[in-house]
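Counting begins at 1 with the first residue of the sequence. All values below were derived from every heavy atom in this structure, side-chain atoms included, with hydrogens, water molecules and symmetry-related copies excluded. Just so you know, ligand 1 is whichever comes first in the structure, and atom 1 is the first atom listed for that ligand.
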Amino acid sequence: MAKKKKANKTGNSHIAIGVDLGGTSLMAAVVAPDGTILGECKRKTKAELGAVAVTERIAQAITKALKQAGLAEEDVVGVGVGVPGPLDPETGIVSRCPNLGASWSGFPLAQTLEKLLQMPVTIDNDVRVGAVGEHTFGAGRNTQDMIAIFVGTGLGGGIILDGKLRRGFRHSAGEVGHMVLLADGPVCSCLERGHAEALASRTAIEREVLEMVSNGQDSVVTALMHEEGRSAMSAGILGRAMEANDPVVTQAVEHAQYYLGLLISACVNCLDPEAIVVGGGVLERFGDAYLEPVRQVAQQHYINQVDAERVRIVRAELGDHSGALGAAILAQRGLGGRSRTKTV
Ligand SMILES: [Zn+2]
């Protein structure tokens with residue numbers, strides 16, 4: 001760490017690397033302080049190889065992204081990694097990663113990657129780094145208080161207050177997907193009932209469609225899944241069914257929109273943020289039209305109706321890059337809380 005920092009090729013010493021680690025693919029991006037991506041590398045995660053091998057793949061992706069940017073390791077301040085699961089940003093240890101496998105439980109990701117790269121590494125939850133990305137460079141820029149909600153296979157959130165990511169004293173702030181919206185409702189991925197994730201995620205829409213189909217209602221989704229050779233209802237398939245005015249999918253989507261609206265109203269009543277930024281696979285596929293009924297339901301439930309329309313409920317802007325950008329920002333700011341990240 002005593003390496004002397006020299007002016008790098010872009011004349012700025014706060015270039016950082018952001019990594020978005022997903023169940024199927026991972027992306028490393030070299031990011032300038034203004035959010036410009038100077039180089040990037042996307043590759044398969046190959047989760048079946050286990051935590052150590054995947055960490056090596058992350059290191060290789062970083063090396064390639066740096067090469068593409070024409071930079072060397074000493075030109076960047078550090079690496080941030082967004083991880084799909086609960087973790088401790090202070091120790092850099094992942095608690096568990098259901099999408100990636102059992103070898104991630106208790107895995108010291110930050111330390112392992114630091115040894116491979118000789119660079120400081122900060123890790124945080126993927127949804128929270130996505131919130132940081134949207135707050136800094138996306139739909140939530142110019143706000144002090146903002147909540148990001150990502151709707152896909154699951155449903156996660158990140159909270160920014162006074163311009164800073166709020167982690168909570170046990171690192172579990174922002175878990176909006178597990179707020180109870182319907183007592184005794186459908187079972188959530190966490191095995192409890194009636195949580196927002198079980199009512200408003202793509203998985204929730206899929207479950208309701210399958211229920212209706214198994215009760216004998218006609219839907220084009222069965223044919224579409226067969227046509228695309230898929231066993232799961234992707235957002236793409238749901239989008240095509242909506243475009244075909246499929247009554248079953250339309251009804252399931254309307255229910256998901258209703259519960260997303262309720263969830264947003266609960267967040268607004270609790271924290272009164274300036275913006276709720278909604279992203280994830282469902283929003284990517286359905287676009288801004290998805291949010292119109294959501295806004296109506298949310299507004300109806302604000303306890304403070306003064307200037308209700310000034311609470312912006314908007315679509316995320318960074319798409320696939322929100323995670324990598326947010327992770328790079330955390331590395332730039334040294335927000336991981338680990339002592340080594342603060343020495344840069
Ligand atoms: Zn839950």
Side-chain angles (χ1 to χ4, degrees), residues 21-24 47 82-89 94-102 104-106 123-131 147-160 165-212 232-235 238 252-271 273 276-284 290 294 297-298 301 313 316 322-323:
L21 174 61
T24 51
V83 180
L87 48 81
D88 184 339
V94 177
S95 307
R96 60 193 164 83
C97 261
N99 291 346
L100 293 172
W104 289 84
S105 297
I123 68 171
D124 211 319
N125 172 274
D126 59 345
V127 180
R128 287 203 296 239
V129 301
I147 299 172
I149 300 178
F150 293 92
V151 186
T153 315
L155 194 154
I159 298 171
I160 309 280
L165 176 65
R166 188 58 62 108
R167 289 190 170 88
F169 82 105
R170 297 177 304 137
H171 318 298
S172 55
E175 292 282 7
V176 295
H178 304 282
M179 282 164 68
V180 180
L181 297 184
L182 181 67
D184 300 325
V187 178
C188 185
S189 64
C190 71
L191 304 180
E192 292 296 329
R193 284 186 176 273
H195 292 180
E197 182 171 295
L199 293 158
S201 65
R202 182 182 57 69
T203 315
I205 298 172
E206 183 174 347
R207 190 205 59 249
E208 192 172 343
V209 169
L210 288 174
E211 272 171 18
M212 286 192 274
M233 243 174 264
S234 62
L238 291 171
V253 165
E254 282 172 2
H255 287 163
Q257 287 168 317
Y258 172 75
Y259 284 109
L260 182 58
L262 285 190
L263 173 65
I264 290 174
S265 73
C267 293
V268 169
N269 286 337
C270 186
L271 294 170
I276 305 276
V277 176
V278 191
V282 168
L283 269 292
E284 290 293 310
Y290 193 86
V294 174
V297 174
H301 293 273
I313 299 173
S322 65

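Using a 4.5 Å cut-off on side-chain heavy atoms (C-beta onward), Leu165 and Asp124 make contact. You'll find the side chain of Val253 stays beyond 4.5 Å of the side chain of Leu238, heavy atoms only.
Tally of protein N, O or S atoms closer to the Zn ion (ligand 1) than 2.8 Å: 4.
Remark: side-chain polar atoms of Asn269 are paired, donor with acceptor, to backbone N or O of His301 under 3.5 angstrom.
For the residue pair Ser105/Arg96, the side-chain donor-acceptor check at 3.5 Å is not satisfied.
Taking both residues in full, the closest heavy atoms of Ala200 and Leu155 are given as CB-CD1, 3.7 Å, listed atom of the first, atom of the second, then distance. Taking all atoms of both residues into account, the shortest heavy-atom contact from Val127 to Asn125 is N-OD1, 3.0 Å.
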